[in-house]
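Worksheet for the structure shown next.
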2 protein chains.
Amino acid sequence: MSEKDRNTEEKIIQAAEKVFIERGMDGARMQQIADEAGINKALLHYYYRSKAKLFAIVFKTAFKTFMPNLLGAFKGDDDFFTKLRNFINTYLGIIEKNPHIPSFVLHEISHESDRLIMMLNELNINIDFIFEQVIDEIEKGHIRPIDPKHFFLNVVSLCIFPVVAKPMVLGILFKGDEKAYHQMMGERKTQVADFIIHSIKI
Amino acid sequence: MSEKDRNTEEKIIQAAEKVFIERGMDGARMQQIADEAGINKALLHYYYRSKAKLFAIVFKTAFKTFMPNLLGAFKGDDDFFTKLRNFINTYLGIIEKNPHIPSFVLHEISHESDRLIMMLNELNINIDFIFEQVIDEIEKGHIRPIDPKHFFLNVVSLCIFPVVAKPMVLGILFKGDEKAYHQMMGERKTQVADFIIHSIKI
DNA sequence: GTCTATAAGGTGATAGAC
DNA sequence: GTCTATCACCTTATAGAC
């Protein structure tokens, strides 16, 4: 594969990412992707046979970003609360750098539960060990009794929702003030962790 | 307006709601809406001139469902915690009955922040009085110090996210078991309220 | 590998008969 | 009001020259 090829491939993927994430599969246009990449439609099909194939590549990458292997934060011998803070810090950091990924993934996957199940199997995600840690902490009397599934769902909800609903949050909570919104999002790492820990710590 | 008109109009709107909410503006097809309504495309355009106009009607209704006037839960003389529980109960109840509305609204609005701002102005939403109540409760020593905006955002996140991310939650937390997912969602009213109140109550 | 031109099929919207 | 037929346009995808 020549240098030129790699550059063009790269340019196409980057353009495709931008357009697909901005407009979704149905709203995206091959023409716009070509324009964004500085080439023409024919070349797009030369490299990636169809819109569907190109989308699949973009989606897969986005999915891995949305669902990174950050469960590692819960491995190791740290204090449970430390691990929790690490998880939240890492995840909010990723989301901060890729703020449009969550809504893209959630929207596109809402019609295609089959693909989701395949991807989940592929990534071999298993979070049972987190549930076990929660139960362990309850038994040790470190945290109050709480259903581990609700607990985990709460953590993730508090991290992801504010970016998925950015337009609403921006409009209602900040009356359109982008700067205020970003400042609030910056505070979120500590705010979310504090909120959760206050809720569960005995 | 004759009885027949009203029935056809009604049928069209219901069909449009189903298709638009399922596939989004870009993914929806007038043909599918016509089929769903048991009529043909021409009649669709006879009643509602264009796809855009029909979509606007559906979206507006969905938006009002997504953002109902449930701030009323925070008015009145009840205990703050009672009001909070009422808010969560009411909102989760609405979401339970319209589980596809949130992701539809959030997705469609992500490209059209102009329309959003207009709608928000139209609905004249003002939640400052909730922030004041939070500050009041802090000063009275009923709840710990917390930024009211973060607090409110947390409440809403915990309510909405689990339905927006249903496919993910279903796949990861419940390995595809729909029944288990619905049972969990049923527990959510008390779980969310308890989680929040544990976090803020002194 | 990259381009222009064009095919092939779909989609929103309208004309016109009933 | 409701239908069939059709237009005009758009979009993906390919053919073929360079």
Side-chain angles (χ1 to χ4, degrees), chain A residues 1-62 104 107-112 115, chain B residues 1-62 104 107-112 115:
Chain A
M1 191 188 298
S2 78
E3 180 67 20
K4 207 186 201 174
D5 285 14
R6 247 186 30 73
N7 281 336
T8 307
E9 277 185 33
E10 195 75 11
K11 274 194 299 182
I12 290 175
I13 292 295
Q14 281 175 10
E17 271 171 1
K18 183 177 172 193
V19 176
F20 275 129
I21 287 171
E22 202 171 273
R23 325 269 296 212
M25 169 63 172
D26 291 331
R29 294 290 167 260
M30 294 299 265
Q31 184 62 59
Q32 194 186 345
I33 296 175
D35 293 347
E36 204 81 44
I39 56 170
N40 58 52
K41 276 191 300 176
L43 206 52
L44 228 53
H45 286 91
Y46 173 80
Y47 278 95
Y48 305 91
R49 270 182 49 80
S50 68
K51 184 182 180 182
K53 283 203 203 309
L54 189 51
F55 176 81
I57 293 169
V58 171
F59 182 80
K60 212 163 188 173
T61 307
F104 171 67
H107 173 72
E108 296 298 341
I109 220 152
S110 67
H111 317 299
E112 308 236 17
R115 181 188 298 163
Chain B
M1 190 188 296
S2 79
E3 180 66 21
K4 206 186 204 176
D5 285 13
R6 249 188 30 74
N7 281 338
T8 307
E9 276 185 34
E10 195 74 11
K11 273 193 302 182
I12 291 175
I13 292 294
Q14 280 175 10
E17 271 171 1
K18 182 177 173 192
V19 176
F20 276 128
I21 288 170
E22 202 170 90
R23 324 270 296 213
M25 169 63 172
D26 291 332
R29 295 289 166 258
M30 294 297 268
Q31 183 62 60
Q32 194 186 344
I33 296 175
D35 292 347
E36 205 80 44
I39 56 169
N40 56 51
K41 275 193 298 177
L43 206 53
L44 226 52
H45 286 91
Y46 174 80
Y47 278 95
Y48 305 92
R49 271 184 57 76
S50 67
K51 185 183 182 184
K53 283 202 203 309
L54 189 51
F55 176 80
I57 293 169
V58 171
F59 182 80
K60 211 161 188 175
T61 307
F104 170 67
H107 173 71
E108 296 297 341
I109 219 150
S110 68
H111 318 298
E112 307 235 19
R115 182 188 299 164

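Quantities reported herein were computed from a predicted structural model and do not represent experimental measurements. A, B, ... follow the sequence lines: proteins, then strands. Residue 1 opens every chain.
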note = Closest non-hydrogen atoms of A:N40 and A:A34, given as atom of the first, atom of the second and distance, are C-CB, 3.7 Å

query = Rounded to the nearest Å, what distance is computed from the CD1 atom of residue B:I12 to the P atom of nucleotide D:dG1?
reply = 11 Å

request  = Using atom CZ of A:F20 as one end and atom P of D:dT11 as the other, report the distance to the nearest whole Å.
outcome  = 14 Å

key: Whole angstrom value for the distance that separates C1' of C:dT11 from CG of B:L54   = 15 Å

task = Tell me which nucleotide among C:dG1, D:dC3, C:dT14 gets nearest to the side chain of A:Y47.
result = C:dG1

task = Answer yes or no: does a side-chain N or O of B:R49 lie under 4.0 Å from OP1 or OP2 of C:dT14?
result = yes

message = Between C1' on C:dG12 and CG on B:D35, what's the gap in Å once rounded to a whole number?
response = 15 Å

message = Rounded to whole Å, please give me the gap between NZ in A:K11 and P in C:dG1.
response = 13 Å

Nearest heavy atoms of B:L43 and B:I12, plus distance in Å = O-CD1, 4.4 Å

ask   = Closest heavy-atom contact between A:E22 and B:H111?
value = O-CE1, 2.5 Å

ask   = Of the nucleotides D:dG1, D:dT14, C:dA15, which one has an atom closest to the side chain of B:A42?
value = C:dA15

request  = Tell me whether the OP1 or OP2 atom of D:dT2 has a side-chain N or O from B:T8 closer than 4.0 Å.
outcome  = yes

request  = Mind checking B:A34 for me? I need base, sugar-phosphate or nothing, with any heavy atom below 4.0 Å counting as a touch.
outcome  = nothing

message = Could you report the tightest heavy-atom contact between A:V19 and A:Q32, atom names first, then the distance?
response = CG1-OE1, 3.8 Å

task = Side chain of B:K41 only, please: which of D:dT2, C:dA13, C:dG1 is the nearest?
result = C:dA13

inquiry  = When you measure from the side-chain N and O atoms of B:H45 to the phosphate of C:dA13, is any distance below 4.0 Å, counting only OP1 and OP2?
reply    = yes

query = Can you tell which of C:dC3, D:dC3, C:dT11 lies closest to the side chain of B:R29?
reply = C:dT11

ask   = Quick one: does B:M25's side chain get under 4.5 Å of B:K51's, heavy atoms only?
value = yes

request  = Using whole Å, report how far CG of B:D26 lies from C1' of C:dG12.
outcome  = 14 Å

query = Which whole-number value in Å describes the distance from B:N40 CG to D:dT2 P?
reply = 9 Å

key: Candidates C:dG1, C:dA13, D:dT12 - which lies nearest the side chain of A:Y46   = C:dG1

ask   = Between D:dA13, C:dT2, C:dA13, which nucleotide gets closest to the side-chain atoms of A:K51?
value = D:dA13

inquiry  = What is the distance, to the nearest angstrom, from the CD1 atom on A:I39 to the P atom on C:dT4?
reply    = 12 Å

